Amino acid sequence: ERTFIGDQVLRIKAKSYDEINQLQALETLAHLQLDFWAEPHNPDIPVDIRVPFENLQSVKVYLESNNFEYSIMIEDLQKVIDEEKQEMEMNAR
Amino acid sequence: KERNSGTFNYGAYHSLDTLYNTISSIAQDYSSLVTRQQIGTSYEGRPIYVLKFSTGTNRPGIWVDAGIHAREWVTQATALWTAHKLASDYGKDASVTSLLNSHDVFLLVVTNPDGYVYSHSADRMWRKTRSVNSGSRCYGVDPNRNWDAGFGGPGASSDPCSDTYRGPRAESEVEVKAVADFIRAHGRIKGFISIHSYSQYLLIPYGYKCTNPADYTELMNVGRAATSSLSSLYGTKYTVGTICTTIYQSSGGSIDWTYDLGIKYSFAFELRDTGRYGFLLPTTQILPTAQETWLGLKKIVEHIRDNPY
């Protein structure tokens, strides 16, 4: 079973269409294995990206060096999945 | 005590088996109104069940589906709650009664059963179908890039490893073909509503091109009325617009195909987000999501009922 230990979901607030374009370019970098939960298309709407643990540093450096405003929406994805699983097991019982 | 659809816990996420058992229970408990029909079989051999709500013959139909993207669990949960709501409100709620006295409703609770099972057992973040892509190590096709609407155009990937892989050809996915065949064979579907999560949008065609549909003004008005009604319950804010202008250009989507087929009232719902959980929306949010969505859905189906074409 695939696990997501340490993966984070980042919420990025683009300030302009230039930044939207930069985020779209990020999407094409397949080696980062980014999973866009909410796509970059409009500065009014935040972009959510699941970032694998091993690429967190690279992505955060990219965002910070390009002055992107972002927050961590989910700190550790696996923790939330585990909670969801426990809840399902409890409901099943 | 024998299980029935009235005692089921709709405020929880469940396995496919449990969802399918409950679909059967709803059909049994409301047998004069609801029937379960198998419209196809998934790539891995699972039945694709649609619930048909009908009080007569040769009625125009309204289609609602959920869960074409496996990981959007709140959508399957919402659809199941909606199925029970429709069944239990018939004969009690004037609007539902009048709707079902004139139209059939077809509700597909789990559009992508293989993906749903896979998201429960192997990869919680799975979005696609589970078909084998010849010549690739990667599985699955994004079923909402696989419809015959601008297939292969912008906003869909030709890479089988991408989460938005469009597939080798339109309707290559049996799950998509089953629905498309059903819609074509029926011939009188007047509304088509596809339920997704989690961006809080009510979307209208088009996605494969950035031009407005001929019925843009009417669809936008219906959409605004629906989201206004939805928001009245918990204040959840929705954006209404075309896929292309609201999200981004994306080809091969279901509501573009249905609109071009002549189904004027084609909409895609993107259900609520709490801003913290994305696809992992906590179970405490299922019932509020379903309840508010119902208000929006009701506005759309009432408009379809009152504006025959």
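Quick caveat: nothing in here was measured; it's all calculated off a predicted structure. In what follows, chains are A, B, ... by sequence order, proteins preceding strands, each numbered from 1.
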Looking at [atom1] of [X] and [atom2] of [Y], how far apart are the two atoms once the value is rounded to the nearest 0.5 Å?
X         : Y         : atom1 : atom2 : result
His41(A)  : Ser250(B) : NE2   : OG    : 11.0 Å
Thr283(B) : Glu83(A)  : OG1   : CD    : 11.0 Å
His120(B) : Glu1(A)   : NE2   : CD    : 11.0 Å
Ser197(B) : Trp37(A)  : OG    : CH2   : 10.0 Å

task = Let me know if Asn91(A) has heavy atoms under 4.5 Å from chain B in its side chain, its backbone, both or neither.
result =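 Just its side chain gets close to chain B.
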ask   = Which bit of Phe4(A) is near chain B, if near means a heavy-atom gap under 4.5 Å: side chain, backbone, both or neither?
value =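 Side chain of Phe4(A) only, per the 4.5 Å heavy-atom cut-off to chain B.
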inquiry  = Less than 4.0 angstrom from a charged side-chain N to a carboxylate O is my criterion; do Asp163(B) and Arg50(A) meet it?
reply    =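 Answer for the salt bridge query: no.
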request  = Indicate yes or no: does Arg124(B) engage Asp7(A) in a salt bridge with an N to O separation below 4.0 Å.
outcome  =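 A salt bridge is absent here (no side-chain N lies under 4.0 Å from a carboxylate O).
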Measure distances from [X] to the heavy atoms of chain A and classify the residue's part below 4.5 Å as side chain, backbone, both or neither.
X         : result
Trp73(B)  : side chain
Phe279(B) : both
Tyr201(B) : side chain
Thr164(B) : neither
Ser157(B) : neither
Ser162(B) : neither
Asp273(B) : side chain

query = Checking side chain to side chain contact (heavy atoms under 4.5 Å, CB included) for the pair Gln24(A)/Tyr248(B): CA distance, chi angles, key distance, verdict?
reply = CA-CA 11 Å; Gln24(A) 284 169 346; Tyr248(B) 61 119; 5.6 Å; no
Residue among [options] with most heavy-atom pairs under 4.5 Å to chain A:
options                                   : value
Thr245(B), Ile247(B), Asn9(B)             : Ile247(B)
His14(B), Met125(B), Arg127(B), Glu270(B) : Met125(B)
Tyr13(B), Tyr277(B), Tyr198(B)            : Tyr198(B)

inquiry  = So which residue, Ile45(A), Asp44(A), Asp35(A), Val9(A), ends up with the most heavy-atom pairs under 4.5 Å with chain B?
reply    =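 Counting heavy-atom pairs under 4.5 Å, the top option is Asp35(A).
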Within a radius of less than 6.0 Å around [atom1] of [X], do more than 12 heavy atoms belonging to other residues, nucleotides or ligands occur?
X        : atom1 : value
Phe68(A) : CZ    : yes
Lys79(A) : NZ    : no
Phe53(A) : CZ    : no
Gln57(A) : CD    : no

